[in-house]
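Computation of the quantities below employed the complete heavy-atom set of this structure, encompassing side-chain atoms and omitting hydrogens, waters and symmetry-equivalent molecules. Order of the sequence lines fixes the chain letters, A, B, ..., with proteins taken first and strands second; residue numbering starts at 1 for each chain.
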Protein chains: 2
Amino acid sequence: MRISALEEYGLRCLVTLAKEGTDGMLSIADIAQKEGLSVPYTSKLLSILRKNGLVVAERGRGGGFTIARDPQEIDLFEVITALGGPIIDPDHCTRFSGQREECVHADNCSVHEVLGGLAGYIQEFLSRTTLADLISTGPVIELKPLSSRVNVQSAPRPSAEMSGGGMSADAE
Amino acid sequence: MRISALEEYGLRCLVTLAKEGTDGMLSIADIAQKEGLSVPYTSKLLSILRKNGLVVAERGRGGGFTIARDPQEIDLFEVITALGGPIIDPDHCTRFSGQREECVHADNCSVHEVLGGLAGYIQEFLSRTTLADLISTGPVIELKPLSSRVNVQSAPRPSAEMSGGGMSADAE
DNA sequence: AAAATACTTTACATTTGCGTAAAGATTGGT
DNA sequence: ACCAATCTTTACGCAAATGTAAAGTATTTT
């Protein structure tokens, strides 16, 4: 359960392009230099973003990449899904089937239910954030109150206690 | 951004043990058979769970594994972290540094800020769900209203629109 | 004490993801 | 036409994760 390299770097490249606006343009070399990545790798990242309709390429001399839409119209769920695939595979039950053809808990699987709920929960978060939010100048980004229900799928029910303690994620 | 095999299968094994309660016990062979996994692989999973204090092993003839604590006292954040490591690496900025020593956006990195916020958000969800929630009989699990603020770290601010549309996670 | 049961550890083959490298295709300038 | 700049695609080597296999250690029963 963690961010893949493609997701991390691809998102950064897209943010860099978003800063240029829908009229701006950057070459692969430009982006690679701005992000400290190699040119071939940046090339691959942009290729993925293009195939998913997030950027538009112009070939030939003087070409480059432009963000496909207004940054406000691109949310992070779309970006992360484009770069890393679905958060929960549609074929979850066959992928994690152990030694059998299909998962032992083919029906009534509480684990799958909760993990599916988690995926919806994550989607909710990512969908609420757009590229525009990431390029605004404010140093700290705030969270708005949530709608009290995730309308995508099931999710966990209340437990007596919240053990949530020391999160290790650092913010420099 | 997806569930690893260790996280998926390890959680299942732990749920199976949780169903036996703190007085029950299952051998590796029992668990492997119940979950449709190979014995060596189940062995590895249980080893990880034991090293993280989630199960207790009894060796020798008649031995097996027992859940270490009451299922109500074990939340999914602890389980997922034990099996898959931290959701956001503490050394995020050096891990995703591209070709340089450190990330180009060493300070004032909005991407890292949001991804850190996401990690906290996920933690919030996982911490609220315990193993006891997963072994209760109810067919569908409901989500309780959230506290309106994640108190772990920063998180995204409101965007004008919620494009959240077709989630592909399936629930059979 | 010897043997059987069952956890523990290490090593290994396979697969997947990461990042690089190189050759191909398209456009614009001369 | 030709060349240069730039995106596009395919192929490759390396590292990490996945799952298996086998040898080792502890405990109980006989």
Side-chain angles (χ1 to χ4, degrees), chain A residues 1-13 17 25-33 35-52 54-68 80 82-86 89 91 94-100, chain B residues 1-13 17 25-33 35-52 54-68 80 83-85 89 91 94-100:
Chain A
M1 192 88 247
R2 62 163 129 73
I3 294 285
S4 76
L6 256 55
E7 289 165 343
E8 166 84 23
Y9 291 129
L11 175 56
R12 282 194 208 161
C13 290
L17 268 178
M25 184 159 73
L26 292 175
S27 70
I28 287 179
D30 292 337
I31 299 169
Q33 197 249 319
E35 288 298 322
L37 303 173
S38 75
V39 168
Y41 189 44
T42 306
S43 178
K44 177 184 275 192
L45 291 171
L46 270 294
S47 173
I48 295 172
L49 293 171
R50 183 186 59 78
K51 285 171 184 161
N52 284 275
L54 291 167
V55 302
V56 175
E58 190 168 332
R59 298 174 70 159
R61 188 179 183 128
F65 289 90
T66 305
I67 190 109
I80 295 298
L83 291 162
D89 273 301
D91 63 341
T94 57
R95 185 177 165 222
F96 293 117
S97 60
Q99 294 191 317
R100 308 195 187 180
Chain B
M1 193 87 250
R2 65 168 188 264
I3 295 285
S4 76
L6 255 54
E7 289 165 343
E8 167 84 24
Y9 291 128
L11 175 56
R12 282 193 208 160
C13 289
L17 268 179
M25 184 159 73
L26 292 175
S27 70
I28 287 179
D30 292 337
I31 299 169
Q33 197 249 317
E35 288 298 322
L37 303 173
S38 75
V39 168
Y41 190 44
T42 306
S43 178
K44 177 185 276 192
L45 291 171
L46 270 294
S47 172
I48 295 172
L49 293 172
R50 184 186 58 81
K51 284 171 184 161
N52 284 275
L54 291 167
V55 301
V56 175
E58 190 169 332
R59 299 174 71 159
R61 187 179 182 129
F65 289 90
T66 303
I67 190 105
I80 295 297
L83 291 162
D89 273 302
D91 63 341
T94 57
R95 184 177 166 223
F96 293 116
S97 60
Q99 295 191 316
R100 308 195 186 179

Between A:K51 and A:S47, is there a side-chain heavy-atom distance shorter than 4.5 Å?
yes

Rounding to a whole Å, what distance do you find between A:R95:CZ and C:dT16:C1'?
10 Å

Whole angstroms only, please: what is the CD1-P distance between B:I48 and C:dT10?
14 Å

DNA chain C: B:K44 or A:A5, which has the more 5' nearest nucleotide?
B:K44

In whole Å, what is the span from the CE atom of A:M1 to the P atom of D:dA17?
15 Å

Go through the N and O atoms of the side chain of A:R59 and the base of D:dT8, and report whether any donor-acceptor pair is under 3.5 Å.
no

Take the protein atom CD1 of B:I3 and the nucleotide atom P of D:dT18, then report the distance between them rounded to whole Å.
11 Å

Show your working on side chain to side chain contact (heavy atoms under 4.5 Å, CB included) between A:L45 and A:I31 and close with a plain yes or no.
CA-CA 11 Å; A:L45 291 171; A:I31 299 169; over 6 Å; no

Nearest-Å distance, CG (A:L46) to P (D:dT8)?
8 Å

Which part of the nucleic acid does A:S4 contact within heavy-atom distance under 4.0 Å: base, sugar-phosphate only, or nothing?
sugar-phosphate

Closest approach to the side chain of A:R50, judged atom by atom: which nucleotide of D:dT8, D:dA11, D:dA17 is it?
D:dT8

Short question: side chain of B:E7, backbone of A:M1 - any donor-acceptor pair under 3.5 Å?
yes

Which nucleotide wins on minimum distance to the side chain of A:R61, given the candidates C:dG28, C:dA21, C:dT8?
C:dG28

So, OP1 or OP2 of C:dT20: does either fall under 4.0 Å of a side-chain N or O from A:S38?
yes

Distance from B:S97 atom OG to A:E35 atom CD, nearest 0.5 Å?
12.0 Å

What is the distance from CG of B:L45 to P of D:dG19, rounded to the nearest Å?
9 Å

In whole angstroms, the gap separating P of C:dT16 from CG of A:L6 amounts to 16 Å

Phosphate OP1/OP2 of C:dG19: any B:Q99 side-chain N/O under 4.0 Å:
no

Atom CD1 of B:I28 and atom C1' of D:dT27: how far apart are they, to the nearest Å?
15 Å

Where the side chain of A:S27 is concerned, which of D:dT9, C:dT8, D:dC7 is the nearest nucleotide?
D:dC7

Assert: residue with more 5' nearest nucleotide on DNA chain D, out of A:G63 and A:R2, is A:G63

I need the B:L26 CG to B:C13 SG distance, nearest 0.5 Å.
10.0 Å

When you match B:P40 and B:F96 each to their closest nucleotide on DNA chain C, which lands nearer the 5' end?
B:P40

What's the closest nucleotide to the side chain of A:S47 if the choices are C:dC7, D:dT9, D:dT20?
D:dT9

